[in-house]
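This report concerns only the one structure given below.
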Amino acid sequence: MATNRIKQYRRIQYWENFFLDSAIYSVGQSVGVSYEDGFRPVSAVTGDLFTYMYSEDKPCDSGATNYFFMPEAVKRAYSLFGYGCVYCSNQQIHDAPDAALAQIRRSVDRGVPVLAWGCGGVEMANGNRLDPLPEGCLIGGYDTENQLLFINLYPGAERLAKTSACGRPGVDEDGYTAIHAAPALATTKGLFFLGEKGGKPDLNRIYQQVLYSIPQRLSMRPRDGYFFGEQAFERWASALQSDAYWQDLQTAQINCWDKHCCAYCALCTSIGIGADEGVAGYMRKVADALNGVPEAKAVLPLFQRLRELNQSIWDYQGGFMPPYDRLEEPAYRGTLAAILREMGGVCRRIVATFS
């Protein structure tokens with residue numbers, strides 16, 4: 001077949017964050033696996049649900065899996081669906097590009113999109129070209145005659161060029177961006193293909209693995225300008241209290257996303273707001289399943305406290321974004337900083353529970 005594309009699939013949504021986890025979940029849905037709480041079980045297995053991170057000058061809304069290359073995390077997530085995972089590195093793509101393309105075509109013909117860790121040759125509305133796009137994406141179609149791949153990307157139409165580099169619509173009616181195959185794969189970090197179907201996943205074993213990975217997620221050492229767990233909250237609080245970032249309305253508007261809302265975006269995705277959303281809701285399932293494991297029961301109220309504190313930020317700000325003019329006020333920012341430091345203290349208590 002010279003051309004084929006998957007038309008019915010779960011697209012990556014711009015508001016979801018943790019875009020790699022979302023793309024992994026979309027692969028699972030293509031083989032009939034879904035969860036009532038969306039892709040949260042996937043983000044628990046990859047570790048994004050518990051990796052609270054902060055950097056003053058780098059994005060942190062997409063989860064650690066987007067910024068640190070961890071193929072093993074993706075493989076663990078595929079096992080959650082009861083399938084193996086075949087990983088093809090950038091070097092393997094470079095060494096045998098025709099074989100990689102043939103494997104992509106076979107997967108699409110099965111109706112299963114291919115997960116790509118980033119994708120090269122992405123044209124942005126501002127004229128920039130990303131090689132590669134940092135977020136995970138889905139390859140869901142091909143055109144061998146024109147040597148194209150059809151890729152579902154984040155970001156979507158709101159940030160992509162109206163016309164892709166190969167002259168097709170920036171985002172077509174099926175949610176795809178057409179990119180010439182060679183540049184699309186040249187800088188892609190890796191491809192993940194759904195492997196053979198295995199036995200039914202042992203959820204209790206998965207819950208145990210997730211549970212005992214938590215202290216490591218919350219106590220990682222600083223890396224590439226990122227801080228984690230308690231240190232992340234302390235750095236975030238200090239940035240809010242630095243008058244240099246908030247000295248006037250214009251400066252506050254410039255710094256609001258990078259110094260505050262980017263990190264808060266990630267918290268709302270993982271920790272969540274509302275009565276039983278996010279990590280607290282997931283940990284309730286873990287505690288129920290691992291009834292005889294003391295750590296599972298002990299950390300549940302701590303994760304519930306994180307959710308309450310995250311909700312208090314939302315309530316104090318009046319929504320996701322704080323008023324820019326209030327950010328000029330040291331006392332206003334000081335209240336936010338105090339909440340964040342308490343969240344850091346809760347992270348410390350969670351880690352101590354396992355020791």
Side-chain angles (χ1 to χ4, degrees), residues 10 16-18 20-52 63-65 70 72-85 194-195 197-220 228-229 266-311 343 346-355:
R10 180 185 181 276
E16 286 181 330
N17 311 316
F18 293 1
L20 186 65
D21 297 325
S22 172
I24 294 170
Y25 183 56
S26 295
V27 173
Q29 279 208 330
S30 71
V31 289
V33 179
S34 62
Y35 304 101
E36 61 182 13
D37 47 356
F39 62 85
R40 191 161 296 120
V42 173
S43 63
V45 172
T46 64
D48 284 331
L49 196 63
F50 309 101
T51 307
Y52 313 133
T65 48
M70 296 182 291
E72 291 303 318
V74 181
K75 292 181 180 180
R76 287 196 299 271
Y78 277 47
S79 69
L80 181 65
F81 304 144
Y83 282 83
C85 177
L194 196 71
K197 187 172 183 179
K200 186 177 180 180
D202 183 343
L203 287 182
N204 276 17
R205 181 170 174 271
I206 291 171
Y207 284 148
Q208 286 192 2
Q209 291 173 338
V210 166
L211 177 68
Y212 289 112
S213 73
I214 291 173
Q216 187 269 333
R217 300 289 178 188
L218 292 179
S219 57
M220 288 192 290
F228 303 92
L267 286 194
C268 289
T269 303
S270 57
I271 294 176
I273 56 175
D276 199 26
E277 292 185 358
V279 69
Y282 180 82
M283 291 308 296
R284 185 182 301 279
K285 292 184 178 180
V286 173
D288 289 343
L290 305 179
N291 192 35
V293 179
E295 292 91 343
K297 182 178 180 180
V299 299
L300 178 57
L302 296 174
F303 280 109
Q304 290 171 331
R305 181 56 181 159
L306 281 178
R307 183 198 55 74
E308 292 169 358
L309 290 167
N310 202 50
Q311 177 72 58
M343 295 178 84
V346 174
C347 289
R348 182 176 65 251
R349 291 163 60 194
I350 292 171
V351 174
T353 299
F354 292 87
S355 62

Measuring from atom [atom1] of [X] to atom [atom2] of [Y], what distance do you get when rounded to the nearest 0.5 angstrom?
{"X": "S355", "Y": "E295", "atom1": "OG", "atom2": "CD", "answer": "10.0 Å"}
{"X": "L20", "Y": "F39", "atom1": "CG", "atom2": "CZ", "answer": "10.5 Å"}
{"X": "D21", "Y": "S26", "atom1": "CG", "atom2": "OG", "answer": "11.0 Å"}
{"X": "L218", "Y": "F50", "atom1": "CG", "atom2": "CZ", "answer": "8.5 Å"}
{"X": "Y52", "Y": "I271", "atom1": "OH", "atom2": "CD1", "answer": "4.5 Å"}
{"X": "I24", "Y": "L194", "atom1": "CD1", "atom2": "CG", "answer": "11.5 Å"}

Considering non-hydrogen atoms only, spot the tightest contact between [X] and [Y] and give its length.
{"X": "D48", "Y": "A64", "result": "OD1-N, 2.9 Å"}
{"X": "L80", "Y": "P201", "result": "O-CG, 3.2 Å"}
{"X": "Y282", "Y": "P41", "result": "CE1-CA, 4.0 Å"}
{"X": "R217", "Y": "G47", "result": "NE-CA, 3.6 Å"}
{"X": "A77", "Y": "V45", "result": "N-CG1, 3.7 Å"}
{"X": "M283", "Y": "L300", "result": "C-CD1, 3.8 Å"}

**Prompt:** Between T65 and T51, does a side chain to side chain contact (heavy atoms under 4.5 Å, CB included) hold up when you go through it step by step?
**Reply:** CA-CA 10 Å; T65 48; T51 307; over 6 Å; no
**Prompt:** Where do F303 and I214 land on the side chain to side chain contact (heavy atoms under 4.5 Å, CB included) test, with the steps shown first?
**Reply:** CA-CA 11 Å; F303 280 109; I214 291 173; 3.9 Å; yes
Those residues that, when tested against [X], pass salt bridge (charged side-chain N to carboxylate O under 4.0 Å, His left out) (two or more places apart):
{"X": "R349", "answer": "none"}
{"X": "K285", "answer": "E36, D37"}
{"X": "R10", "answer": "E16"}

**Item:** Check: Y207 side chain, D288 main-chain N or O, donor-acceptor pair, under 3.5 Å
**Value:**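 Looks like no, no N/O pair under 3.5 Å.
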**Prompt:** With distance as the sole test, does N17 use its side chain to make a donor-acceptor pair with the main-chain N or O of A266 at under 3.5 Å?
**Reply:**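 Flag not set: sc N17 to bb A266 has no pair under 3.5 Å.
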**Message:** Checking R307 against V279 for the side chain to side chain contact (heavy atoms under 4.5 Å, CB included) test, could you report, in this order, the C-alpha distance in whole Å, the side-chain angles of both residues, the deciding distance, and whether it holds?
**Reply:** CA-CA 8 Å; R307 183 198 55 74; V279 69; 5.9 Å; no
**Greater than 12 external heavy atoms within 6.0 Å of K297's NZ** =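 No, NZ of K297 has 12 or fewer neighbouring heavy atoms, counting only those of other groups under 6.0 Å.
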Do [X] and [Y] come close enough that some side-chain heavy atom pair is under 4.5 Å?
{"X": "V286", "Y": "V293", "answer": "no"}
{"X": "M343", "Y": "L306", "answer": "yes"}
{"X": "C347", "Y": "F228", "answer": "no"}

